[in-house]
Each structure stands twice: as structure tokens, then as C-alpha cells.
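Before any comments, here is the structure.
The chain is numbered in sequence order, starting from 1.
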Amino acid sequence: MINEKALPKGVLFEGKFLDAVKWTDGIGDNIVVRTETGIHVSEKYTHDDNDGYDAEVFAYHYLVEKDTVKLLWKVYDYISDCPVDIEAEFFKDTFPVTDLDNDGIAEVWLMYKKACHGDVSPCIMKIIMYEDGQKYAIRGENKVFGGTDEKGKKYYIGGGYTFDSAFEKGPKEFLDYATKLWQKNIIQKWD
């Protein structure tokens, strides 16, 4: 991990700096930066009334070559014009850089959730992984405690997910790792 002050000149981002990771692999020297806006009102979106808020997450992958940086990809997602509880944030401890297929090119993993809800319902949850410009995605929802049934057994709402075709056609190691990461973070934790 590197801090914001250690970023090379030319690494630009929107939102508030969350963290960054730096590594070298077969494509060169790399930096990925994650940022979040938190809850705010953005001029990017139309707001139906004065009570709507926005929240955004961003990730940027830069290739560093001598004194220049080149943006390779960007992840962007958001919730807009939400009049109730809003979330758009990365999960803690879900920003690994791996080389699961041992090809000398790193895989970068991002996991986040987003929601606009006024109740205790599941959030949209995503894992986005990139390897050498190829995007892999899992989309679904987390699980929230739904209550206790008449026999005293706890039950949960949500938890479903789907893999995109890149994950389904990709190396088994990617699918296995993604499934473990998803399961580790599937239960909604309230602060």
C-alpha cells in the first residue's frame, strides 16, 4: 500500500483518497487507487427534490513509465438522488493483488456495496477483478438478518449472485478465489 503523497504526478482521481496499491508485473509498474465520495450532492445527477443525496466509488489503474502515467482502466459506480439511507463504499480488506494463474500478470480485486433503502434490506454487492485489461465481475446482493422463525431458527434475506461470462470461461483459480471473497463478506454488518 502507498499513501496519497507517494502517488506520481499525473495520477488523477475523483472523490476522497481511500487507499492505493503499487506493484510491478509483466506489463510494468502499476498503481491502483480507490476513492469514495461519501454522501454528498453531485451536480452530475438530476435531483427530483431537495432531499436526494448521491454517493460514488471509483478505482483507477495507472501504468507508470518513467515520468509519465497512463490510465489503463477505471471502475465507477454510484447511487444518485437517494432520499433515504445511502451506501456506496468499498469493503475493508478486499483490495488484494494476486497472480493466481501464475502468468506474471497481476489480478486486481475490488469489492464494494451500494444501496438506497429505508429499511433493512440487502445491498447490491459487486466484485470487479481486472487482469491485463480483461474485466471479470460478480454481481448480486449481500445477506441481512431477517429474523427468527417459529422454531427459533435465524433466517437471512438476500445473498444471491451471478458470475459474468469472463469468470465462467476463465481460470478455475479466479472463480474459486472470487467465491471465497464473496462468502467472506456476504453478511451485512451494521456499524
Side-chain angles (χ1 to χ4, degrees), residues 14-16 18-19 32 34-42 44-48 51-60 73-98 100 107-131 134-191:
E14 193 173 339
K16 298 171 193 154
L18 185 61
D19 50 19
V32 173
R34 295 189 315 171
T35 66
E36 300 172 350
T37 61
I39 299 169
H40 69 131
V41 176
S42 174
K44 294 182 209 175
Y45 310 111
T46 302
H47 295 86
D48 293 333
D51 295 330
Y53 292 93
D54 313 305
E56 303 161 273
V57 294
F58 304 86
Y60 305 84
W73 51 257
K74 173 183 170 183
V75 171
Y76 171 64
D77 212 339
Y78 64 94
I79 293 289
S80 66
D81 196 26
C82 179
V84 289
D85 293 331
I86 185 170
E87 295 182 72
E89 60 192 20
F90 288 101
F91 284 87
K92 290 180 174 42
D93 304 319
T94 60
F95 190 24
V97 175
T98 60
L100 301 173
E107 303 102 25
V108 180
W109 298 83
L110 305 163
M111 186 172 190
Y112 63 92
K113 63 182 175 177
K114 65 179 196 167
C116 173
H117 51 191
D119 58 8
V120 185
S121 58
C123 296
I124 295 168
M125 201 161 81
K126 296 183 184 181
I127 293 176
I128 305 295
M129 186 273 278
Y130 272 92
E131 183 196 42
Q134 172 66 53
K135 179 181 176 181
Y136 297 76
I138 301 176
R139 295 173 179 89
E141 58 187 17
N142 62 5
K143 282 185 182 178
V144 295
F145 178 67
T148 306
D149 66 18
E150 57 279 348
K151 294 181 180 178
K153 184 177 177 184
K154 293 180 182 180
Y155 68 91
Y156 292 84
I157 302 165
Y161 58 93
T162 58
F163 294 97
D164 70 358
S165 63
F167 264 122
E168 290 176 350
K169 296 175 186 173
K172 182 181 182 313
E173 296 88 356
F174 294 177
L175 200 62
D176 291 347
Y177 189 89
T179 302
K180 286 177 187 170
L181 187 61
W182 189 275
Q183 293 302 323
K184 181 180 176 186
N185 294 283
I186 197 167
I187 302 293
Q188 174 76 35
K189 294 180 175 101
W190 306 101
D191 294 333

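Two residues are said to be in side-chain contact when any heavy atoms from C-beta on lie closer than 4.5 Å; Trp109 and Ile127 meet this criterion. Here the side chains of Tyr130 and Val75 are in contact, with some heavy-atom distance below 4.5 Å. At a threshold of 4.5 Å between non-hydrogen side-chain atoms, the residues Ile187 and Tyr156 count as touching. Put simply, the side chain of Trp73 does not reach to within 4.5 Å of the side chain of Ile128, judged on heavy atoms.
A distance of 9.0 Å separates CG of Leu100 from CD of Glu131, quoted to the nearest 0.5 Å. The CD1 atom of Ile79 sits 12.0 Å away from atom NZ of Lys113, with the distance rounded to the nearest 0.5 Å. Rounded to the nearest 0.5 Å, atoms CG (Asn142) and CD (Glu87) are 8.0 Å apart. The structure places CD of Glu141 at 8.5 Å from CD1 of Ile124, a figure rounded to the nearest 0.5 Å. Distance check, rounded to the nearest 0.5 Å: CE of Met111 to CD1 of Ile138 gives 7.5 Å. Here Asp93 contributes atom CG and Lys184 contributes atom NZ; the two are 6.0 Å apart, rounded to the nearest 0.5 Å.
Considering every non-hydrogen atom in both Ala88 and Glu56, the closest pair reads CB-N, 4.1 Å. Heavy-atom minimum distance, Asn185 versus Phe91: O-CE2, 3.7 Å. Closest heavy-atom contact between Thr148 and Tyr155: N-CE2, 3.7 Å. Here the closest non-hydrogen pair linking Pro122 and Ile157 is CG-O, 3.7 Å. Among all heavy-atom pairs drawn from Pro96 and Tyr177, the shortest one is CG-OH, 3.2 Å. Among all heavy-atom pairs drawn from Thr179 and Leu175, the shortest one is OG1-O, 2.8 Å.
With sequence neighbours excluded, the residues that form a ring pair (Phe, Tyr, Trp, His ring centres under 6.0 Å) with Phe163 are Tyr161, Phe167. Partners of Glu107 under the salt bridge (charged side-chain N to carboxylate O under 4.0 Å, His left out) rule, at least two apart in sequence or in another chain, do not exist in this structure. Phe90 pairs by the ring pair (Phe, Tyr, Trp, His ring centres under 6.0 Å) definition with Tyr112, not counting sequence neighbours. Asp176 pairs by the salt bridge (charged side-chain N to carboxylate O under 4.0 Å, His left out) definition with Lys172, not counting sequence neighbours. Among residues two or more places apart in sequence or in another chain, the salt bridge (charged side-chain N to carboxylate O under 4.0 Å, His left out) test is passed with Glu168 by none. Applying the side-chain hydrogen bond (donor to acceptor under 3.5 Å, both in side chains) criterion to Asp19, with sequence neighbours excluded, gives Arg34.
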Using side-chain contact (heavy atoms from CB on, under 4.5 Å), reason through Lys16 and His40 one step at a time and then give a plain yes or no.
CA-CA 12 Å; Lys16 298 171 193 154; His40 69 131; over 6 Å; no
So Thr37 and Phe58, side-chain contact (heavy atoms from CB on, under 4.5 Å) or not? Walk me through it.
CA-CA 9 Å; Thr37 61; Phe58 304 86; 3.8 Å; yes
Pair Leu18-Glu89, side-chain contact (heavy atoms from CB on, under 4.5 Å): steps then yes or no:
CA-CA 10 Å; Leu18 185 61; Glu89 60 192 20; over 6 Å; no
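Under the 3.5 Å distance criterion, the side-chain polar atoms of Asp77 are left unmatched by any main-chain donor or acceptor of Val57. Formation of a donor-acceptor pair under 3.5 Å by the Asp51 side chain with backbone atoms of Pro83 is not found in this model.
Ser80 pairs with exactly one of Asp54, Ile86, Val41 by the side chain to side chain contact (heavy atoms under 4.5 Å, CB included) rule, that one being Asp54.
Note on ring orientation: taking the six-membered ring where Trp is involved, the planes of Tyr136 and Phe174 are perpendicular (angle over 60°, cut-offs 30° and 60°).
Within 6.0 Å of atom NZ in Lys44, more than 12 heavy atoms from other residues, nucleotides or ligands are found, so the atom counts as buried in its surroundings.
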